[in-house]
Peer 1: 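The structure is given below, and queries will be raised subsequently.
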Amino acid sequence: MAGNNWQAGGKNLIPAQAIAGFAAVAMSLAPVRSLAANVPQQRAFGDVDANVLWEMLIGGLVVCAFLASVLLWVHSALRRYKREQLHRDAFVSSALNNLSQGIMMTDAANRIVFYNDRFLDIYGLSRADIPRGSTGRELAELRRKRGLLNLSIQEYARRAREPEGYVTELPDGRAVVAKLFHLPDGGSIGVHEDCTERRRLERELASTKQFLESVLDHVPVCVAAKNIDDGRYIFANRAFEKFSGLRRERITGRRASELFSPETAANIEAADRAALLASSEAYRSELMIRRGEERRILASNRVIARNEKSEPQFLIALLDDDTERRALSYELENAKRFLELVVDNIPVSLIVERVSDGRYLLANRSAEMILNRRREDVTGLTTADIFNPREAKLIIARDEAAIKKRSLITEEHPISTKDGLRLFLTRRMIVNGDNDEPQYLIKTYEDVTDRRQTESRMAHMAYHDGLTDLPNRAAFLQALSQMIEACGATCEEFAVLNVDLKGLKEVNDVFGHAIGDKLLIEVAHRVQDAARGGVVARLSGDEFGLIIDGKQPEAGQRLAEQLAQAIAIEFQIDGKSIRTALTTGISVFPHNGSDPASLLANAGAALFRAKAKSRGSITFYEPEMDQQIRDRRVLHQELSVAIKNGELSLYFQPQASSGRTVDASEIIGFEALARWQHPQRGFVPPSDFIPLAEESGLIVEMGEWILREACREAASWPKPLQVAVNLSPAQFVHGDLVGLVHSILIETGLTPDRLELEITEGVLIEDFDRGLGLLRRLKALGVRISMDDFGSGYSSLSYLQAFPFDKIKIDRAFVMNLGRTPQSAAIVRAVIDLGHGMNMLIVAEGVETPEQLGFLAEEGCDSVQGYLLGKPLPIEKYDALVGRNDANVMESVRKTG
């Protein structure tokens, strides 16, 4: 305080010091002057008077003293000003450094003139990082390099000048809002504030608000809030929206009189006034409103929300439609009578007994069978009154046990009824009263006689085939385990036969599944007779398993031959003669396996080899069969990879109109055929990988690729030739085939009339109605439908009658025998006449000789396909045929053929 007071009085002290100094100098010179007056006057300097010299000397000293005093005053004033300036600067700096915001100021030349400590703290900078004379742009660039700014400097400056400023997300997760303001002198001031906590709170507030609104929206009763001052709604939940039929945006900000009918609005306002006048915070009432043409009764609960001054501010209304409850209350008595009716008619006997005295209170109609009297007659009686002493003693003992245990007791026991001895499932349950003591005993009796018989039959069915009553696969594996256990410690052998019935699918397709089932039953009888009491099981639809002991392989071979002879005899079923045969695979214990799964699997492998040889053959398991199966599995995996890796390619085989010679046959299209060039195996024949794809389901993925690639290629041909693509039956079962064809046509740009889809009758055999529906939808797209391999199946004629095919393709087996057997010529001639009679085109495949071509042309076959006209080759080999160059078309045909 002393220092401050000194500085405050310094302004008057300095001039006084100067005057005092001047007076002191004058007073010190007075004796000198009187001494000079007493000194004899001498002219030491010529004519100049010595007094004058003394006066000049004294005057100079006075002036010097005055000037020195002035200089001293000026120096003191400057020091005082600097101290005051430093004091002000320290005060301002201290004040700015203690702000919670970071401050950074620049002058008109964009040089940094000030930044406070908070600015450095926010961005993790030090004063050494900002050299003196740095510009605002340089500081922004420094922040960019350190990851503290994620915008260009120009964009940052533009967005920071906006009223809301710009928020920067720092690497450590903090958020900083920067606002830039222009100063009158051309400089600028930037305010930087850590808004991490504020943004977190804002998010929490928004989340809380959203949560509360979500909770209120999911409350099943109507909730609405309004301002008391003006009566305008400020909130309405989803239930209120649904009940009122008004959108929330229309409700908020309006009064009841603006939303509802005058009658409803008046009732709402009256309820609001009553709630405000009520003594309690909550006011309950019933509210009558009109909704459309109907009146509704609402249970209303209104709550007054008050502010900090305990003044009413908001009114919150909870409304629940009570109309139905009123109606339900009216119907309660009817429901009670209904429930009594239901209890009387439930198929379980129900008896309710009072625990205190053992008297019966309720018995339904079904209980009359247990009680042997009308239910009305048992009310008020006890067990001892109803049953004979022996039965009553037993029932009372069981009732007392249930009461003592106080939990459900279940038991099964026979009861004599008018229908004889029946098995009943009895349940006893205690119902406690208000004092938590047993009050009622509820007993139910359920007749489970039939159920237990059914369960016994089901236990039998779990290990037996439902159609033939033979043991099933599970029972067969159990029998195998027992045989292995019995023979394991001995040198005995036994054989496992896996037998497949030939042609069951064809029988089902031709004669129906009922005939097929009867055939299986007859086959099972013959197999059992041939096995002479040995183990026989039905393993799957058309496969049987047998176990035969004795010296092997002789015993297994002999049984297989006896089975074949027994099945070879013609079956007579419902007036139809059916012939079939058995194919057998055999494995031998212990040489071909020491566990049930291995023995059965190896018999299956032998059966697979037997089918590959010829139907009706007998084959014993050999170790190399495992390798063949493994090779087949490897090929399946490689095929899956080949589809994904693009190892498949398309070859195209020409189709031509039937001329008497090759030269007279005009090319009208191509059939697209898949080929596989394996990286290690080389060329894999279609006969190897197409059946494998069919069995594994890969044909669906492969078929989609073939269809897309064929359409894409055909769309690029200069000539508008047709392209034919084979569809597998599996493609009709899996996925949306019609949608796939439609999308591929759009994708590739191929016109539908140029695409011909070839199907086999297997498409219709699997599911006739579904296959027929898909064919009709495909034809509606505008594509052509052709039946492939016509004449090789059982039902082709019926399929021709059901669906108008565009083309029939005669199977190559008939074409190849033209000129060899008269029957083939007759069949081909008949098919051509049949197709033309039904307005269908005919194409013959497998044409390899000029004689075959001449015969087909003579008989009026519409088009042909075969090696005579061209082999399946890459489309580049047929560039001339599709119009890609000027080479002679027919010469090209001859060369490729």
Side-chain angles (χ1 to χ4, degrees), residues 465 467-468 470-473 476 480 494-511 515-532 534-548 552-571 573 577-589 592-593 597-629 631-632 687 691-692 694-695 762 792-794:
D465 175 51
L467 179 65
T468 63
L470 290 175
N472 58 13
R473 179 181 289 269
F476 188 72
L480 270 178
F494 66 87
V496 177
L497 281 68
N498 194 354
V499 180
D500 178 79
L501 182 64
K502 177 184 177 183
L504 178 62
K505 183 177 183 300
E506 287 77 6
V507 171
N508 287 332
D509 292 338
V510 175
F511 301 115
I515 299 296
D517 290 345
K518 291 181 179 180
L519 174 63
L520 280 171
I521 295 172
E522 292 297 326
V523 168
H525 290 160
R526 293 190 187 182
V527 170
Q528 280 184 304
D529 292 342
R532 295 192 179 96
V535 178
V536 180
R538 185 185 179 198
L539 302 180
S540 65
D542 56 359
E543 287 189 19
F544 296 85
L546 295 93
I547 303 174
I548 180 68
Q552 303 298 337
E554 291 82 357
Q557 178 75 31
R558 185 166 53 254
L559 177 59
E561 291 172 352
Q562 290 171 355
L563 290 172
Q565 293 171 2
I567 300 300
I569 302 172
E570 188 175 73
F571 290 86
I573 299 176
S577 298
I578 300 175
R579 288 187 176 274
T580 184
L582 294 181
T583 306
T584 307
I586 305 174
S587 63
V588 177
F589 174 85
N592 302 142
S598 299
L599 286 169
L600 187 56
N602 291 338
L607 176 62
F608 183 81
R609 170 67 70 84
K611 288 180 181 179
K613 279 198 228 174
S614 64
R615 289 285 184 175
S617 61
I618 301 170
T619 303
F620 280 85
Y621 173 78
E622 297 174 0
E624 60 268 18
M625 292 179 182
D626 279 340
Q627 184 61 42
Q628 293 172 355
I629 293 175
D631 289 344
R632 187 172 179 84
S687 58
L692 186 62
E694 293 275 5
E695 294 172 10
S792 61
Y794 287 91

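Throughout, numbering of the chain's residues begins at 1 and tracks the sequence.
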Peer 1: Distance from Leu467 atom CG to Asn472 atom CG, nearest 0.5 Å?
Peer 2: 13.0 Å
Peer 1: Could you pull out all residues at least two apart from Glu561 that satisfy side-chain hydrogen bond (donor to acceptor under 3.5 Å, both in side chains)?
Peer 2: Gln557
Peer 1: Looking at side-chain heavy atoms only, is the closest gap between Asn498 and Leu539 below 4.5 Å?
Peer 2: yes
Peer 1: Under the salt bridge (charged side-chain N to carboxylate O under 4.0 Å, His left out) test, which residues partner Asp542, sequence neighbours left out?
Peer 2: none
Peer 1: Looking at every heavy atom in both Ile586 and Ala560, which two are closest together, and how far apart are they?
Peer 2: CD1-CB, 4.1 Å
Peer 1: Suppose we screen for side-chain hydrogen bond (donor to acceptor under 3.5 Å, both in side chains). Which residues come up paired with Thr468, at least two apart in sequence or across chains?
Peer 2: Asp465
Peer 1: Which residues pass the side chain to side chain contact (heavy atoms under 4.5 Å, CB included) test with Gln565, not counting sequence neighbours?
Peer 2: none
Peer 1: Does the side chain of Gln528 reach to within under 4.5 Å of the side chain of Leu470, using non-hydrogen atoms?
Peer 2: yes
Peer 1: Give a yes or no on whether the backbone of Asn592 and the side-chain of Ser587 come within a donor-acceptor separation of less than 3.5 Å.
Peer 2: no
Peer 1: Could you check whether any side-chain heavy atom of Lys611 comes within less than 4.5 Å of a side-chain heavy atom of Asp500, counting everything from C-beta outward?
Peer 2: yes
Peer 1: May I ask you to test the Val527-Val499 pair for a side-chain heavy-atom distance under 4.5 Å?
Peer 2: no
Peer 1: For a 4.5 angstrom cut-off between non-hydrogen side-chain atoms, does Gln562 reach Arg532?
Peer 2: yes
Peer 1: Taking only residues two or more places apart in sequence or in another chain, which ones pass side chain to side chain contact (heavy atoms under 4.5 Å, CB included) with Gln552?
Peer 2: Glu493, Ala495, Ile548, Ala555, Val588
Peer 1: Measure from NZ or CZ of Arg526 to the centre of the six-membered ring of Phe571, then state whether that distance is under 6.0 Å and the direction lies within 45° of the axis.
Peer 2: yes
Peer 1: Can you confirm whether Phe476 sits close enough to Pro471 that some side-chain heavy atom of one is under 4.5 Å from a side-chain heavy atom of the other?
Peer 2: no
Peer 1: For Phe544, enumerate each residue passing the ring pair (Phe, Tyr, Trp, His ring centres under 6.0 Å) test, keeping only those at least two apart in sequence or located in another chain.
Peer 2: none
Peer 1: Nearest 0.5 Å please: distance from the CD1 atom of Ile547 over to the CG atom of Leu497.
Peer 2: 10.0 Å
Peer 1: Does Phe589 have any ring pair (Phe, Tyr, Trp, His ring centres under 6.0 Å) partners at least two apart in sequence or in another chain, and if so, which?
Peer 2: Phe494
Peer 1: Output all residues satisfying side-chain hydrogen bond (donor to acceptor under 3.5 Å, both in side chains) with Glu522, sequence neighbours left out; order by chain, then residue number.
Peer 2: none
Peer 1: Which residues satisfy the side-chain hydrogen bond (donor to acceptor under 3.5 Å, both in side chains) test with Ser540, sequence neighbours excluded?
Peer 2: none
Peer 1: Would you sort out whether Val535 and Leu546 count as a side-chain contact (heavy atoms from CB on, under 4.5 Å), showing the intermediate values?
Peer 2: CA-CA 6 Å; Val535 178; Leu546 295 93; over 6 Å; no
Peer 1: Under the rule for side chain to side chain contact (heavy atoms under 4.5 Å, CB included), what residues qualify as partners of Ser577, not counting sequence neighbours?
Peer 2: Glu570, Gln572
Peer 1: Can you name the closest pair of heavy atoms from Gly556 and Phe620 and give their distance?
Peer 2: C-CZ, 4.3 Å
Peer 1: Roughly how far, to the nearest 0.5 Å, is the CD1 atom of Ile578 from the CG atom of Leu504?
Peer 2: 9.5 Å
Peer 1: Using a 4.5 Å cut-off on heavy atoms from C-beta on, say whether the side chain of Leu600 contacts that of Arg473.
Peer 2: yes
Peer 1: With heavy-atom distances below 4.5 Å as the criterion, would you say the side chains of Leu607 and Thr619 are in contact?
Peer 2: no
Peer 1: Taking side chain to side chain contact (heavy atoms under 4.5 Å, CB included) as the test, write out the residues that go with Ala530, two or more places apart.
Peer 2: Leu563
Peer 1: Measure the spacing between CD1 of Ile618 and OG1 of Thr584 and express it to the nearest 0.5 Å.
Peer 2: 5.0 Å
